[in-house]
Amino acid sequence: MIKKQFGKRLRDLRINKELTQEKMAESIGIQPENYSRIENGFSFPRPENIEKISKVLDVEVAELFQFTNLDNYEKILNALINKLKSDETATVMTYKFLKSIGKI
C-alpha cells in the first residue's frame, strides 16, 4: 500500500514541477521504465534515489511521505510496530532507510 501512496505522491509533485517521467528518470539516473514502476506503485526507490528525487522536486525527503490519508498518528504507529515485529526484512529495510536519511 505504501508503494502506491508514495508513487501517487511522486506523480503529484512531479506534475506540479511540470516534469515528465523521462526527465525525472534522467535526473536521478535510472531508466524511465523503472521510474514509471515507482510512480505506479510496483517498485520502491533505493534510499539514495529518494534523496535524489527530493532534490529534483525541491522538497524535503519527509515531504515525499506526506500522504493525506496518513494523519492518524496512533493508527500509523500501531501499523508500523506490528509490521516491524512480524517482518524481519521490513525491519532491516526501515532501519537502513532511517539511517540513510540521518534519523538514526
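Note that the structure is predicted; figures quoted are calculated from it, not measured.
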Are [X] and [Y] close enough that some pair of their side-chain heavy atoms sits under 4.5 Å apart?
X: Leu80; Y: Thr94; result: no
X: Ile101; Y: Pro47; result: no
X: Gln5; Y: Arg9; result: no
X: Thr20; Y: Met24; result: no
X: Gln31; Y: Asn34; result: yes
X: Val56; Y: Lys23; result: no

Rounded distance (nearest 0.5 Å) linking atom [atom1] of [X] with atom [atom2] of [Y]:
X: Phe97; Y: Ile50; atom1: CZ; atom2: CD1; result: 4.5 Å
X: Met93; Y: Thr91; atom1: CE; atom2: OG1; result: 10.0 Å
X: Leu57; Y: Asp12; atom1: CG; atom2: CG; result: 11.0 Å
X: Tyr35; Y: Glu26; atom1: OH; atom2: CD; result: 13.5 Å
X: Leu77; Y: Asn82; atom1: CG; atom2: CG; result: 9.5 Å
X: Arg11; Y: Ile38; atom1: CZ; atom2: CD1; result: 11.5 Å

Query raised in the report: Honestly curious: do Leu98 and Val61 fall in one hydrophobic cluster under the side-chain, below-4.5 Å linking rule?
Result: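 Cluster IDs for Leu98 and Val61 match.
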Does [Y] offer a backbone N or O that forms a donor-acceptor pair with the side chain of [X] under 3.5 Å?
X: Ser36; Y: Pro32; result: no
X: Asn78; Y: Glu74; result: yes
X: Asn40; Y: Phe42; result: no

Requested in this report: Give a yes or no on this: more than 12 heavy atoms of other residues, nucleotides or ligands lie within 6.0 Å of atom CD of Glu60.
Outcome: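 Atom CD in Glu60 is not crowded, with 12 or fewer foreign heavy atoms closer than 6.0 Å.
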**Report entry** NZ (Lys96) with more than 12 external heavy atoms under 6.0 Å
**Finding:**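 Open.
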Query - Over all atoms of both residues, closest heavy-atom pair of Ala90 and Leu84 - result: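 Shortest heavy-atom contact: O-CD2, 4.0 Å.
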Requested in this report: Could you check Val59 against Ile53 for side-chain contact (heavy atoms from CB on, under 4.5 Å), going step by step and ending with a plain yes or no?
Outcome: CA-CA 9 Å; Val59 298; Ile53 290 168; over 6 Å; no
Requested in this report: Look at the aromatic rings of Phe6 and Phe44 and report parallel, tilted or perpendicular, splitting at 30° and 60°.
Outcome: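 The rings of Phe6 and Phe44 sit tilted, inter-plane angle from 30° to 60°.
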Query raised in the report: Is Glu39 paired with Arg14 through a side-chain N to carboxylate O contact shorter than 4.0 Å?
Result: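 Salt bridge flag = yes for Glu39 with Arg14.
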Query raised in the report: Do Arg37 and Glu33 sit within salt-bridge range, that is, some charged N less than 4.0 Å from a carboxylate O?
Result: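 Glu33 and Arg37: not salt-bridged.
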